[in-house]
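See below for the structure under consideration.
By convention in this document, chain letters (A, B, ...) are assigned in the order of the sequence lines, proteins followed by strands, and residues within each chain are numbered from 1.
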There are 2 protein chains.
Amino acid sequence: MKFSTQEEYGIRCLLRIARATTSNGLTIPEISQFEGLTPSNVGKILRLLRLGGFIESARGQTGGYKLARVPEEIIIGDVLSVLGGKLYEDGFCSVHAGVEGICHNSIDCSIRSLWTTIQNLLDGVLSKISLKDLTGKDELIQIMINN
Amino acid sequence: MKFSTQEEYGIRCLLRIARATTSNGLTIPEISQFEGLTPSNVGKILRLLRLGGFIESARGQTGGYKLARVPEEIIIGDVLSVLGGKLYEDGFCSVHAGVEGICHNSIDCSIRSLWTTIQNLLDGVLSKISLKDLTGKDELIQIMINN
DNA sequence: ATGAATCTTGACTTTTTTGTATAGATTACT
DNA sequence: AGTAATCTATACAAAAAAGTCAAGATTCAT
């Protein structure tokens, strides 16, 4: 399993915006230059972030992008969902489920059990990491241990 | 981040082979029918599993595929690596690393820190789950807690 | 008002991943 | 030996993801 480039670039752009100091926010050309991406590509990615409610845009000559909320309230798990989807989309295994919603009768369910176990593990971690944790100076490992 | 279809199909095929009772193992047409995949596709996936050392093949009229080792020794993390690669291929950030090999100077490293943190988390779990855990009747969650 | 800078959207192209087909090699049975 | 069943390998085709482009809409400064 891999991270998509959209996830990587999306988080990067979001970090740039989070760290920007100018009051107008950052423009597409600026982010584009910082990250070495084409303006078109940045525009496409920022669109997703905007639709996801993580950033807000201003048009016109003094336009640009800013965070839509404070970094503490921007959860990395949510951002990754918007950029790359969930690890495994389910809707399966609703019948015949054993304890804790996991069954172990068929091969299908052996695998779903694995996938959902991993998914729950990841969700648990990613739902506790905010954009602030990435911009700050503390170690991620320490943050995870404390939560 | 998502699982590739190759990872899903690969694990499925491996589970089929692990559960087979016939002494000759399973043939491509058999697995193909069980899993609803084309023989070509199964052949391609089994090739990866064979090169990875998880299964062994016998040619000829009575040929087929068997596990190359006992299920306890087939680690799911290794299988997924062969089928879909690592979550994040690194080789970066070797200089300027802080404690525990993680630095936090640039945006680049903020993200690498996130990726590697997640990667280590996953590796830790997947290295403890064997094929036997997937074929058995015990809950994966329980297995993880006990390890 | 006009022009310049910006964001917005959808269609298009390229690249990567996935899946298919074909020809060949090996083995066992008769 | 010959035939049928199997695995093996490479090249080809289709689908999905990633990236690009062009036309439009909005805002501010002059």
Side-chain angles (χ1 to χ4, degrees), chain A residues 1-13 16-17 20 22-33 35-68 80 82-87 89, chain B residues 1-13 16-17 20 22-33 35-68 80 82-87 89:
Chain A
M1 103 217 69
K2 284 185 183 292
F3 289 109
S4 67
T5 62
Q6 233 177 205
E7 287 173 303
E8 163 116 20
Y9 295 160
I11 297 275
R12 285 189 182 203
C13 292
R16 288 286 177 194
I17 294 169
T22 54
S23 65
N24 286 338
L26 290 183
T27 67
I28 288 178
E30 285 170 339
I31 298 172
S32 160
Q33 190 171 7
E35 292 299 332
L37 303 172
T38 64
S40 299
N41 206 5
V42 171
K44 187 178 188 177
I45 291 167
L46 293 188
R47 180 170 189 260
L48 292 174
L49 293 174
R50 177 172 53 83
L51 295 177
F54 308 113
I55 59 178
E56 56 189 17
S57 62
R59 288 180 163 191
Q61 208 169 23
T62 59
Y65 291 91
K66 298 179 192 175
L67 295 184
L80 289 177
V82 166
L83 292 169
K86 279 287 177 182
L87 191 61
E89 327 279 350
Chain B
M1 102 218 69
K2 284 187 183 294
F3 289 109
S4 67
T5 62
Q6 233 176 207
E7 287 173 302
E8 164 116 19
Y9 296 159
I11 297 275
R12 285 190 180 200
C13 292
R16 288 285 177 195
I17 294 169
T22 54
S23 65
N24 285 338
L26 289 183
T27 67
I28 288 177
E30 285 169 338
I31 298 172
S32 160
Q33 189 170 7
E35 292 299 332
L37 303 172
T38 64
S40 299
N41 206 4
V42 171
K44 186 178 187 176
I45 291 166
L46 293 188
R47 179 171 188 260
L48 292 175
L49 293 175
R50 176 173 52 84
L51 295 177
F54 307 112
I55 59 178
E56 55 189 16
S57 62
R59 287 180 163 191
Q61 207 169 24
T62 59
Y65 292 89
K66 298 178 191 176
L67 294 184
L80 290 176
V82 166
L83 292 169
K86 279 287 177 183
L87 191 61
E89 328 277 350

Between D/dT27 atom C1' and A/N24 atom CG, what is the distance in whole Å?
12 Å

Smallest heavy-atom separation, B/L26 atom then B/A20 atom, equals CG-CB, 3.6 Å

Atom-pair distance (CD on B/Q33; P on D/dT6), nearest Å
12 Å

Please determine, for the side chain of B/Q61, which listed nucleotide (D/dA4, D/dC28, D/dT26) has the closest atom?
D/dA4

Side-chain contact check for B/Y65: nearest option of D/dC7, C/dT8, C/dT20 is D/dC7

So if I apply the side chain to side chain donor-acceptor pair (under 3.5 Å) rule between A/S4 and each of A/E7, A/E8, A/Q6, which one comes out positive?
A/E7

Which of these, A/L48, A/N41, A/V42, sits in a side-chain contact (heavy atoms from CB on, under 4.5 Å) with A/I45?
A/N41

Output yes when at least one side-chain N/O atom of A/S40 is less than 4.0 Å from OP1 or OP2 of D/dG19, else no.
no

Can you check whether B/T5 has a side-chain N or O nearer than 4.0 Å to OP1 or OP2 of C/dG19?
yes

Without decimals, in angstroms, what is the distance between B/M1 CE and D/dA18 P?
13 Å

Output the rounded distance in Å from CD (A/E30) to C1' (C/dC7).
13 Å

Determine: side-chain N/O of A/S57 to OP1/OP2 of C/dT8, distance under 4.0 Å, yes or no.
yes

Given D/dG19, C/dA25, D/dT27, the nucleotide with the shortest approach to the side chain of B/R59:
C/dA25

Under 4.0 Å, heavy atom to any atom of DNA chain C: which of residues 42-52 of chain A qualify?
A/R47, A/R50

Nearest-angstrom distance from the residue atom CG of B/L83 to P of C/dG19
12 Å

In this structure, how many angstroms lie between the P atom of D/dC21 and the CD1 atom of A/I28, rounded?
15 Å

Grab the CD1-P distance between A/I31 and C/dC7 for me, whole Å please.
8 Å

Is there a side-chain contact between A/I31 and A/L37 (heavy atoms, below 4.5 Å)?
no

Is any side-chain nitrogen or oxygen of A/T38 closer than 4.0 Å to OP1 or OP2 of D/dG19?
no

Specify the residue among A/Y9 and B/G60 whose closest nucleotide of DNA chain D lies further upstream toward the 5′ end.
B/G60

Working for side-chain contact (heavy atoms from CB on, under 4.5 Å), residues B/L83 and B/Y9
CA-CA 9 Å; B/L83 292 169; B/Y9 296 159; over 6 Å; no

Before you tell me yes or no, could you show the steps for B/F54 and B/I17 under side-chain contact (heavy atoms from CB on, under 4.5 Å), namely the whole-Å CA-CA distance, both residues' side-chain angles and the distance that decides it to 0.1 Å?
CA-CA 10 Å; B/F54 307 112; B/I17 294 169; over 6 Å; no

Expressed in angstrom and rounded to an integer, what is the separation of B/L26 atom CG from D/dT6 atom P?
12 Å

For residues B/R50 and B/S57, report the shortest heavy-atom separation together with the two atoms involved.
CD-OG, 3.5 Å

